[in-house]
Amino acid sequence: MNFGSEISQAFVVCISAIFTQNILLSYFLGLCPFIGVSREVKTSIGLGLAVIFVMTFTVMLNWLAYHYVLAPLNLHFFRFIMFIIIIAAFVQFIEMAIDRFSPVLYQNLGVFLPLITVNCAILGVSLFMVIRDYSFIVTIGYGLGSGIGWFLAIIAMAGIRQRLANERIPKGLQGAGITLIVAGIMALAFIGFTGVLQGQ
Amino acid sequence: MNAESKKLIYEGLWKNNPVFRQVLGICSTLAVTNLVMNTAVMCVALIFTLSLSSASVSILRNITPRNIRMMVETLIIAFYVIIVDIILKAYWPQMSTNLGPYVGLIITNCIVMGRCEACGINNPPATAFIDGMFNALGYSFVLLIIATFREILGMGTFLGFSVPYFSGPGWDKWIIMVMPPGAFFMLAIVVWVFRSIQDRKEQS
């Protein structure tokens, strides 16, 4: 495959990861922070941006580690440990770097960065990348698209929840329950994008 | 059975249920609830991983340095998940393909890490094992309920066998139930029903 067609495939994969194959609404990954942290738009934006950043870079690192270290040594089953260590180390490194160079940004993001290590969406993207056998460039598009998709979903949810705060909701449905129903409706809306672009 | 284990069992299965009380760790399992069989396999994998990793964390708790305990816990969990993954690939490759990456994602399942942190790290192994096992069972029974409804309403089958009324011409299959929105709606309904029952019990 030549370079040009790979770029266009990466673009298609990126757009479809944002809309039709949204990592949160159609693969259920990263639900815990989605339900736990989506009360305010401001904090959601912070977490969402951190996810986009970490996801794009860890998926690249994991691709390199998988194709240049694990595959030649035939240690495929070892990928879970490899990926989780790379993610944890990357997050730790970024945390120290941000703390060193931009204390203001650290104040805003600091709390969310460690949380991201155990966000299943991050590991999920790396595992999907292996299963679907993406090339390096397509992988970058996929990581970026998945991050943006997650970001869009959590911001939309935070906006809706801020308005829901003053509504009367049955007691058993408050909090998690109503969030899940809204997520279901959002998933329905995103299904509407099906057929616009198909990229696996 | 002593009073302490009874309390742990009650808390795990009902009072502090991971799914409808804490809404934790639903990601990797909610994704496979469109078929009861897939859900059952995932639940068995989760019960195995959660009970044994909680017990292992507990056994190693005195020699684990405090500041790297998260890393140690993650590695222990990953160890058991790799065992599950290899066994599935070797003996049931079809199921391994069906579940895709979700078996591996048990590693980042918050409930596994949560129980290791909450109970494994400062209790003896037996307590940690019982706590992990019954939290996983409490988790499993809720997900099996969701899977049962989704498969019957969406496909008219249960464990692959057709169900009399729902697979016949009298029932328009609710395709939406086997698609992602169905999972969100079903989980919301289950959370609502169980929380209401709990509230009513506490009031009376």
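We name chains A, B, ... by the order of the sequence lines, and we start the count at 1 in each one.
- The side-chain contact (heavy atoms from CB on, under 4.5 Å) test with Ile107(B) singles out one residue from Ile81(A), Ile84(A), Leu127(A), and that residue is Ile84(A).
- If you measure heavy-atom distances from Met179(B) to chain A, the contacts under 4.5 Å come from the side chain alone.
- There is no contact between Ile77(B) and chain A, counting heavy-atom distances below 4.5 Å.
- Considering every non-hydrogen atom in both Cys120(A) and Leu105(B), the closest pair reads O-CD2, 3.4 Å.
- Scanning both residues, Gly184(A) and Pro181(B), for their nearest heavy atoms gives O-CB, 3.6 Å.
- For the pair Leu180(A) and Ala188(B), the tightest heavy-atom approach, listed with the atom from each and the gap, is CB-CB, 3.8 Å.
- Ile85(A) has its side chain out of reach of Thr74(B): every pair of non-hydrogen atoms, C-beta onward, lies at least 4.5 Å apart.
- Residue with the most contacts toward chain A among Gly182(B), Ser196(B), Pro180(B), Ala183(B): Pro180(B) (heavy-atom pairs, distance under 4.5 Å).
- Heavy atoms closer than 4.5 Å to chain B are found in the side chain of Ile35(A), but not in its backbone.
- For Leu187(B), the parts sitting under 4.5 Å from any heavy atom of chain A are the backbone and the side chain alike.
- The heavy-atom pair separating Tyr102(B) from Tyr27(A) by the smallest distance is OH-O, 3.0 Å.
- Both the backbone and the side chain of Ile181(A) come within less than 4.5 Å of a heavy atom of chain B.
- Of all non-hydrogen atoms in Gln174(A) and Arg195(B), the two that sit nearest each other are O-NH1, 3.5 Å.
- Between chain B and the options Ile178(A), Leu123(A), Thr179(A), heavy-atom pairs under 4.5 Å are most frequent for Leu123(A).
- In this structure, the portion of Ile191(A) lying under 4.5 Å from any heavy atom of chain B is its side chain and not its backbone.
- Note that the CD1 atom of Ile82(B) and the CZ atom of Arg79(A) stand 9.0 Å from one another [nearest 0.5 Å].
- Between Phe184(B) and Phe28(A), the distance separating the two ring centers is shorter than 6.0 angstrom.
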